[in-house]
Amino acid sequence: MASISLTFPDGNAREYDAGITAAAVAESISKSLAKKAISATVNGEHWDLQWPINENATIALHTIQDDVQANELVRHDLAHIMARAVQEIWPDTKVTIGPVIKNGWYYDFDRKESFTPEDLITIEKKMKEIINKRDAVRTEVWERDVAIKYYEDRGEPYKVELIEGIPGDEPLRMYWHGEWQDLCRGPHLQHTGQVPGDGFKLMSIAGAYWRGDSDREMLQRIYGVAFTGKEKLKAHLNMLEEAAKRDHRKLGREMDLFHMQEEAPGQVFWHPNGWRIYTELQDYMRRRQRAGGYVEVNTPQVVNRQLWEKSGHWESYQENMFIVEVDEDHAREKTVNALKPMNCPCHVQVFNRGMKSYRDLPLRMAEFGSCNRYEPSGALHGIMRVRGFTQDDGHIFCTEEQIETETKIFIEFLSEIYAELGFTNWAIKLSTRPEKRIGSDAIWDQLETSLGNACKAAGYEYDIQVGEGAFYGPKLEFVLTDAIGRDWQCGTLQVDSNMPERLDASYVGQDGNKHQPFMLHRATLGSFERFIGILIEEHAGKLPFWLAPRQVVVASIISDADDYVHEVVAALNASGVRAEADVRNEKINYKVREHSVGKVPVILAVGAREVEERTVTLRRLGEKQTSVQALDDVKAALAVESTPPDLR
RNA sequence: GCUGUAGUAGCUCAGUGGUAGAGCGCGUCAUUGGUAAUGACGAGGUCGGGAGUUCAAUCCUCCCCUACAGCACCA
């Protein structure tokens, strides 16, 4: 038998017979390692201990201490163990797929009856039994037709379909956890007892379409979270609990920012406090856009369907548009209109007025455009996904040569704004050509490259989302995350030559001929609604001072201080600070608590001493200590603090 | 839109086949208190909407609406 050389992380190499398993390698080192080992990394690949190694390689053996590999295996084995538990309890259940995801795993089942929350407890119990059995994990590679026959005989049609989708030259790996079997790429643990029995929890049941296709079967998905130990699980559950406190829907109520109600699903009733944030942010964006060379426009809300037919939206999005018709009795002629679901066709109408020259390009046109889309009911989510929203929309009309530069300028524009609004973690995703698309591959190549280059030129990395682009062009998505880690696309930039063509946009080039401009659809915040939702969650309600709806509360300690309280409030208001008086007949403890819960960043307490000395006692949100300061000093300092970052 | 869960006072929630309860909040009064809840009293609900079963429905059944979690969607 040929021998191979395996190199260990410490640089030492040892000779073994070819075809040796990593398990045997562990055994050759020590009995205890053989027992503790969970997997190996062979030539950089995560390797099952049972897989043979046939050539010279680097090798590292893993134990439960190696978090990355251990989490992967524990979660993956739990997926199998859960599927086994479910099939042992309800044998008529059909299995599908069960991948590892962030913090855990899920498994999709096909079963007539619905799983109930109580079932989760039953399943969890069964899983723990399986773990305690310490059943061996075994793996084999099978021939396709044998595997297909096997699953057909066992009445597992989804597995058959999965195998049929696997390329013919790829080996089919079968795994057994005890007697229970699943088709799986691996790797896995050595036996079920290697899964920490107290490190996981089943979280929820939800529907999910087979293969992510809404035309196919709706399966039942069970989600679980898992870690390598009890403490880590506890920490994770704790984190979720804390994150729930930052939910913008909860903070929106506590801070009295907005509400929503049944009569207007997916639309926001902004309260005075919330509208303060909104208008402050809009003022800021307006100044930013002016400085960024944009001209601001405003376009109609209700637009005749003819324009939407011409732009192509009627055909693609009719079901998602709010249709507006005038009552027949009152209308001279019956017209069908739609509330605008987007601003671009209107912006092209503005662009099209008068002749445009190449000297006018790039033309950066912006609008705080209110749009309405009839989003599917299940998509609605607080103020983050709504049916009525206002985009900080903009369209850059430019030549093909200008695309890359304009994109780079936009990324820099956006990144400065995100930084000023307190975001440090955000990502760029580049969505490339989808299957259904217009335009030649050569043009797609070029546009995708331009967007990628622009990112790099601006100094940012990006992830590629293959096939996720719009049918008319590639796009960049600027993604922020909410309190519990869900991704939300906020900013965007999309290249489009389709709309200018459909709506006859043109400019006169240097050569005196008509040319068609490109259009870059772009938004920085995306929509005020979504962005404010994210902003609230990011800051846990403790917004930067200049954005805080209520910046200062001046609270009296005794009623003899009331006059001075009003004087302080007037002085602060005069210097541009949003201050209000609290002279209610309540104790200072009560006032401090109430305004802290309301996330007011600064509380100024005023009693006999302060009146006497013309000072205030300042307390900042979240801090315990207070400081006595001269009124004039506080006034000056807070005036600076309340100035938006672009005006400082 | 799909699967599942839920909807009782402004908020958080308890409860029952015989038309409802707590805490907080709100109002009144007392209290002038120094940094996260002062006390007493009081007001407040067609139990999400509609239909059905029943002598009787907030509770059981059906339909609808809305919200939440996930899936699908996101011009």
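Predicted model only: the values in this text are computed from it and were never measured. As a basis for the values below, the full set of heavy atoms in this structure was taken, side chains included, without hydrogen atoms, waters or symmetry mates. Labels below follow one simple rule: chain letters A, B, ... track the order of the sequence lines, proteins then strands, and each chain is numbered from 1.
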Asker: Sort out the partner of B:rG17 for me: Watson-Crick or G-U wobble, both distances under 3.5 Å, none otherwise.
Answerer: none
Asker: Once you apply the 3.5 Å cut-off to both distances, tell me the Watson-Crick or G-U wobble partner of B:rU66, or none.
Answerer: B:rA6
Asker: Under a 3.5 Å limit for both distances, which nucleotide forms a Watson-Crick or G-U wobble pair with B:rU58, could you say?
Answerer: none
Asker: Does A:Gly312 reach a base, just sugar-phosphate, or nothing at all? Heavy atoms under 4.0 Å.
Answerer: nothing
Asker: Give one of base, sugar-phosphate or nothing for A:Ala470, where a contact means two heavy atoms less than 4.0 Å apart.
Answerer: nothing
Asker: Under 4.0 Å, counting only non-hydrogen atoms across every strand here, what does A:Glu610 touch: a base, just sugar-phosphate, or nothing?
Answerer: base
Asker: Have a look at A:Ser556 and say if it touches a base, only the backbone sugar-phosphate, or nothing, with a 4.0 Å heavy-atom cut-off.
Answerer: nothing
Asker: Taking pairing as Watson-Crick or G-U wobble with both contacts under 3.5 Å, can you name the mate of B:rG23, or confirm there isn't one?
Answerer: B:rC11
Asker: Just to be sure I understand the rule, does A:Asp213 reach a base, reach only the sugar-phosphate, or reach nothing, if contact means heavy atoms closer than 4.0 Å?
Answerer: nothing
Asker: Do A:Arg619 and B:rA36 share a donor-acceptor pair, side chain to base, under 3.5 Å?
Answerer: yes
Asker: A:Tyr106 near the nucleic acid: base, sugar-phosphate alone, or nothing, with a heavy-atom cut-off under 4.0 Å?
Answerer: nothing
Asker: Between A:Phe478 and A:Tyr418, does the ring centroid distance fall short of 6.0 Å?
Answerer: no
Asker: Under 4.0 angstrom, heavy atoms only, what part of the nucleic acid is A:Gln494 near: base, sugar-phosphate, or nothing?
Answerer: sugar-phosphate
Asker: Looking only at the side chain of A:Arg530 (C-beta and beyond, no hydrogens), which of the listed nucleotides B:rC74, B:rA75, B:rU35 gets closest?
Answerer: B:rC74
Asker: Just by distance, no angles: are the side chains of A:Thr299 and A:Gln349 close enough, under 3.5 Å, to form a donor-acceptor pair?
Answerer: no
Asker: Taking only nitrogen or oxygen atoms into account, show me every contact under 3.5 Å that the protein makes with nucleotides 3-5 of chain B, one pair per line with its distance.
Answerer:
from	atom 1	to	atom 2	distance (Å)
B:rU3	O2	A:Gly207	N	3.2
B:rG4	OP1	A:Ser114	OG	3.2

Asker: Base, sugar-phosphate or nothing for A:Pro376? Non-hydrogen atoms, less than 4.0 Å.
Answerer: base
Asker: Contact class for A:His381 (heavy atom, under 4.0 Å): base, sugar-phosphate, or nothing?
Answerer: sugar-phosphate
Asker: Scan A:Lys475 against the nucleic acid and name what it touches under 4.0 Å (heavy atoms): base, sugar-phosphate only, or nothing.
Answerer: sugar-phosphate
Asker: With both distances under 3.5 Å as the test, what is the Watson-Crick or G-U wobble partner of B:rU46?
Answerer: none
Asker: Compute whether any side-chain donor of one residue and acceptor of the other, for A:Glu161 and A:Trp210, lie under 3.5 angstrom apart.
Answerer: yes
Asker: For A:Asp247, run the salt bridge (charged side-chain N to carboxylate O under 4.0 Å, His left out) check against A:Lys250, A:Arg249, A:Lys245 and tell me which one passes.
Answerer: A:Arg249
Asker: Does any nucleotide pair with B:rC73 by Watson-Crick or G-U wobble geometry, both distances under 3.5 Å, and what is it?
Answerer: none
Asker: Can you tell me, in whole Å, how much space there is between the P of B:rC59 and that of B:rU19?
Answerer: 14 Å
Asker: Provide the Watson-Crick or G-U wobble partner of B:rA40, both distances under 3.5 Å; none if there is no partner.
Answerer: B:rU28
Asker: Can you tell me the pairing partner of B:rU53 across any strand shown, Watson-Crick or G-U wobble, with both distances under 3.5 angstrom?
Answerer: none
Asker: Looking for any heavy atom pair under 4.0 Å, which part of the strands does A:Gly598 touch: base, sugar-phosphate only, or nothing?
Answerer: nothing
Asker: How far, in whole Å, is B:rG25 from B:rU16 if one measures between their C1' atoms?
Answerer: 26 Å
Asker: Decide yes or no, distance alone: a donor-acceptor N/O pair under 3.5 angstrom between the base of B:rC68 and the side-chain of A:Arg249.
Answerer: no
Asker: Do A:Tyr317 and A:Trp308 have ring centres separated by under 6.0 Å?
Answerer: no
Asker: Are any of the side-chain nitrogens in A:Glu537 or A:Arg486 under 4.0 Å away from the carboxylate oxygens of its partner?
Answerer: no
Asker: Any stacking of A:Tyr223 on B:rG70, going by centres under 5.5 angstrom and planes within less than 30 degrees?
Answerer: no
Asker: Nearest to the side chain of A:Asn589 - B:rA37, B:rA72, B:rC74?
Answerer: B:rA37
Asker: Has A:Arg385 got a side-chain N or O lying under 4.0 Å from the OP1 or OP2 atom of B:rC73?
Answerer: no
Asker: Under the side-chain hydrogen bond (donor to acceptor under 3.5 Å, both in side chains) criterion, do A:Tyr472 and A:Arg502 qualify, and how do the steps go?
Answerer: CA-CA 12 Å; A:Tyr472 49 74; A:Arg502 291 188 77 120; over 6 Å; no
Asker: Ignoring hydrogens and geometry beyond distance, is the side chain of A:Glu594 in donor-acceptor contact with the base of B:rG25 at under 3.5 Å?
Answerer: no
Asker: Base, sugar-phosphate or nothing for A:Arg609? Non-hydrogen atoms, less than 4.0 Å.
Answerer: base
Asker: For the residue pair A:Trp488 and A:His381, categorise the inter-ring angle as parallel (less than 30°), tilted (30 to 60°) or perpendicular (more than 60°).
Answerer: tilted
Asker: Between B:rG1, B:rA37, B:rA75, spot the one nearest the side chain of A:Tyr590, thanks.
Answerer: B:rA37
Asker: Is A:Tyr209 touching bases, backbone alone, or none of the nucleic acid, heavy atoms closer than 4.0 Å?
Answerer: base
Asker: Mind checking if A:Ile603 touches a base, just sugar-phosphate, or nothing, with heavy atoms under 4.0 Å?
Answerer: nothing
Asker: Just by distance, with hydrogens left out, do A:Ser370 and A:Gln301 show a side-chain donor and acceptor under 3.5 Å apart?
Answerer: no
Asker: Among the candidates B:rC71, B:rC74, B:rU35, find the nucleotide nearest to the side-chain atoms of A:Thr617.
Answerer: B:rU35
